[in-house]
Every structure is written in structure tokens, then in C-alpha cells.
Protein chains: 2
Amino acid sequence: MAEPARRGVPEATVGRLPAYLRALTACAAQGTTSISSEELAAAAGVRSAQLRKDLSYLGSYGVRGVGYDVERLSSQIAGELGLTQEWPVVIVGLGNLGRALAAYGGFSERGFRVVALVDEDPAVVGRTVQGLTVQTLTQLDEAGTPVAIGVITTPADQAQDVADRLVALGVRSVLNFAPAVLSVPPDVAVRKVDLATELQILAFHEQRRAAAPGPQEVTG
Amino acid sequence: MAEPARRGVPEATVGRLPAYLRALTACAAQGTTSISSEELAAAAGVRSAQLRKDLSYLGSYGVRGVGYDVERLSSQIAGELGLTQEWPVVIVGLGNLGRALAAYGGFSERGFRVVALVDEDPAVVGRTVQGLTVQTLTQLDEAGTPVAIGVITTPADQAQDVADRLVALGVRSVLNFAPAVLSVPPDVAVRKVDLATELQILAFHEQRRAAAPGPQEVTG
DNA sequence: AAAACTTTGTGAACGAAAGCACAAAGCCGT
DNA sequence: ACGGCTTTGTGCTTTCGTTCACAAAGTTTT
């Protein structure tokens, strides 16, 4: 097991690793112990050449003529994604979306634990949601709870302020659901999920279909 | 106003148009009537050169030495995105996320109207949520309600079946929140929003920080 | 009216990502 | 042990996206 030359996994590859991991997990659940790049690629919705190239960035974990060991590749990817440890997550903004996320089981399922819920509305602060007492950002700060990832589900006009305070708290990874452009220090990672944007992109294609016939696939 | 040579706006550009539109709307609300590419780019979180190139795909709507007319550019982008008409949306799957989306005001705000809510759970079917009666996919089919965009918020194992039935219903744009790879005909547009994937990508960067110091920005 | 200044629009350079195609490497049957 | 078969890993090519840098085009000042 030589040290793989992992100088820089391309961002596009990183974006696909979760899909590979999910497909592998499904395979393992079915009892499959070995899988070819062709099969795994199909399960993950990519081309086999792309899958092999992606995996090559992590090192050589396949066996020529056979394929990949499901168990081995799973733990390799999980390790690469940092899922061997639990990351503490705070959800800021307990509106409809924030509450839905708090209730979502997908967090704990794989390496993430919601350790705090934050809102500034006095009508919500102090209440218990999903077994956690809702607190203010100030209270979270004073409590000194370690937090790695911040999920922002506040209205857009509060998002920047929340982001600033999260960064001050030591959070260096932010998942932003608010429709706002966040400006953060360069060592902070921000990912944006925006429902309205997605719908508008779909509307663009819907609109174009009306004008110019001819099928076209759209990938995320 | 010559016909712009709009043979193919790049997908990457389409993905940024909503952000531009949002920034322009904010400007208009502040009373700004004209804006330079530099300012608008800053508001949208991109480089000015990229903004200008993006806009150039839609045609020339700026004035050299001055900038862009906020009102004019807004309606140009809105038209390009197909936001001049209302798109009927159906939400399938009324779990936590589905209900949160149903309650979310962001739909109607800009050209989208939720016309139906669908679930297969008998305990939910027939109930009224956000002023709409929850129905089954079969009922939706029989009712013949026109639907352009389908939002899937079911568990992963039901997503493909739902997608198939939506496509059969005439839906050609799908927004998929379920962690599953959907296979659809080539003329159907699919966009995927996956919380777990986003968190895992953040975990990757969080993990890498521990190993290799040195700041790096991450864009969505 | 002409000079000075500002900002757009875009050709060209650059870089990242995707896809192709095949040699290398391992299995299996004889 | 060896030949044939399968599948990986990867150099090369092509496509796509971003950034640079500047001429063209407009505004403002004198």
C-alpha cells in the first residue's frame, strides 16, 4: 500500500466522490464485494473513463481484469472525504427550511452531527427542537461548543452577518442556503444551495425548448 | 435592437444569470438606474470580465463609458430565463423537506407557482397543505393539471419511479432532492440538489486543511 | 470640436475538465 | 507455464470555461 501521489485532487473530482461512495454503499448492502469501473460508473451516473480517472487521483486501488473491491474502495473514498471523524454542525436559522434540515436524518447517517441550533427570534430561542435547545449566536459563542461546519438558513439580509459571526467562532466551512453572496476570508470554504437559482435554470431550458426543438441533456 | 446571435448560451453562463438578476433586482430596489460591470460583478460575486463575457452571449446591452441600464438588463435576463411566464410546479414527497418547500415563499416570488402537492402515504393524501389538497400521482394524472417542473423530495428508493411517472405526465424539467441518480429521456432536464454531497465536499476541504496548511477558496 | 477619460465587448491566451484509445497488468482455462 | 481474456490506469486530444488585455465606442471637459 504505497503512499498515493495525492497532490491536489481536482475540484470536479471531489464533487463526484460522494456519488461514488453512495453507489458503493448500495453495492455493499446488496452483498456485492467487487465491481468494475463500468458498473460503478453506471450506478453513479458518469462515464467509466471519468470514474477511472477520478479514482486514479486517489491512487491505484483496482485490480486489472477484475475491478475494485467494494469495501476497500469505500473506506478509501470515505477517508479522502474526511468521513472517518464526526464533524460538528450548527444550523443557523430555524424557519421552515432550518427545521426541516434539523429533522433530516441524513446528517448523522454519515459523519455529521448537529450539535447546535441557532436563531435570533426570541419566540424560538430556548425552545427544544429535535432534542436541542435553540440558542442565539452569542450564547453559542459563550458556550464555546466546537463547530466545524455552519449551515445558514436565514433570510438573505442576515446571511452575511451570520457568516461573519460564524467565522469569528472558528467555522471554516459554510453551507449557505440563503440567496445571498457571502464574502468570507480566503481560508473559509463556502458552498451555496439555492432553490430559486435551480428553478430558474430549469426555466431557461424549458423556455428554450419552446423556441428551438431538439433534445438536450442537462447535467447538474 | 438587432437580433442578438444567441446560438447557445453556455451552461456555465446560464448558471450565473440568476445571480446577476438577483443583484440587479437589489440595485433597482435601491433606486440605482445604471451600473457598471465592475459593480454588478462585485454584487454577484464574480469577476467583471466574466460578467461582461456572460452578458455578451445575450447581446450587447451596455453603453460604453457608462455601464448597463438596470431596468433594461433585468428584463433582458428575465426574458432569457423564461421568467416572463409562470411555470406550474408540482412537489412530490411531503416529508420534512417537501413541506418546507411547499411553505417556502420563494416560488411565487418569481415566475413559479406550486399547482399540486403529491404524496403516496394514505395518511397524508387528502389533507390540505398550504391551501392545496395533497393527491397521489395517479390522481394528478387523472386531473390533467398541466405541470412543467417536478420537484422530487421523496426517499431515494422512490425517486426513479416518481421521475418516470412525472415524465409520463409530460414534465420535462426535474429538480431532484433525493440522493439518487435519475435516468430520464434525453429531452428531460434534471438538476440535483444534495445536502449530503455538499456536506461531504465541505468535509473534504476541512480534512485537507488539517493535513496541508495554506488557504484556498472554494466556489460552489 | 477636440482631447481626455471611462467602460464595454471580444479576440487571444491560458487552464481545467472530459473523453478516447491503448498499453500494462492481472486473472483463468488448458 | 503459457496464451487468451478482461479491465485498469493513463498519455494524448479535444472541448469547455476563465482570464487577460486592448481596441472600439461612448461621455465629459475644456
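Chain identifiers are assigned alphabetically (A, B, ...) following the order of the sequence lines, protein sequences preceding nucleic acid strands; residue numbering begins at 1 within each chain.
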### Summary
A:Leu73 CG to D:dT7 P, in whole Å, measures 16 Å

### Query
Within this structure, what is the CG-to-C1' distance between B:Asp54 and D:dG17, rounded to whole angstrom?
10 Å

#### Entry: Contact under 4.0 Å: B:Arg52 side-chain N or O vs D:dA21 OP1/OP2
no

### Query
B:Ala49 side chain: which of C:dA18, D:dA21, C:dG9 is closest?
D:dA21

### Query
D:dT19, D:dT8, D:dC12: which one has an atom nearest the side-chain heavy atoms of B:Lys53?
D:dT19

### Task
By nearest nucleotide on DNA chain C, pick out whichever of A:Thr13 and A:Val66 is the more 5' one.
A:Thr13

### Task
Classify the side-chain pair A:Gln50/A:Asp54 by whether it contains a donor and acceptor separated by less than 3.5 Å.
no

### Query
Taking C-beta and beyond as the side chain, do A:Arg22 and B:Asp194 meet within less than 4.5 Å on heavy atoms?
yes

### Task
From the options C:dT8, D:dT18, C:dT10, select the nucleotide whose nearest atom is closest to the side chain of B:Ser56.
C:dT10

### Summary
Whole-Å distance, A:Ile35 CD1 to D:dT8 C1', equals 14 Å

### Task
Specify the separation, in whole Å, of atom CD of B:Glu38 and atom P of C:dT6.
13 Å

### Query
So, is B:Arg47 close to the D:dG17 phosphate, meaning a side-chain N or O under 4.0 Å from OP1 or OP2?
no

### From CA spacing to verdict: salt bridge (charged side-chain N to carboxylate O under 4.0 Å, His left out), A:Arg172, A:Asp187
CA-CA 7 Å; A:Arg172 290 199 282 185; A:Asp187 67 329; 3.7 Å; yes

### Query
With respect to the side chain of B:Pro10, which nucleotide from D:dG17, C:dA18, D:dT18 is positioned closest?
D:dG17

### Task
Provide, to the nearest angstrom, the distance between the OH atom belonging to B:Tyr68 and the C1' atom belonging to C:dT6.
13 Å

### Task
For the pair B:Trp87 (side chain) and A:Gln207 (backbone), establish whether a donor and an acceptor sit closer than 3.5 Å, ignoring hydrogens and angles.
no

### Message
On DNA chain C, compare the nucleotides closest to B:Ser36 and A:Arg16; which residue's is nearer the 5' end?
### Response
B:Ser36

### Message
If I take atom CG in residue A:Leu51 and atom P in nucleotide D:dT8, what distance separates them, rounded to the nearest angstrom?
### Response
8 Å

### Query
Checking B:Ser74 side chain against B:Val70 main chain: does a donor-acceptor pair fall under 3.5 Å?
yes

### Message
Can you tell me if B:Ser37 touches the phosphate of C:dT8, counting only side-chain N or O atoms and a distance under 4.0 Å to OP1 or OP2?
### Response
yes

### Query
Ignoring hydrogens and angles, does a donor from either the side chain of B:Arg64 or the base of C:dT7 sit under 3.5 Å from an acceptor on the other?
no

### Task
Ignoring backbone atoms, establish whether B:Tyr61 has a side-chain N or O less than 4.0 Å from OP1 or OP2 of C:dT7.
no

### Query
Could you give the CD-to-P distance, from A:Gln50 to D:dG11, as a whole number of Å?
18 Å

### Query
Taking only side-chain nitrogens and oxygens of B:Tyr57, does any of them come within less than 4.0 Å of OP1 or OP2 of D:dG17?
no

### Task
Can you tell me the distance, in whole Å, between the CG atom of A:Leu40 and the C1' atom of D:dT7?
14 Å

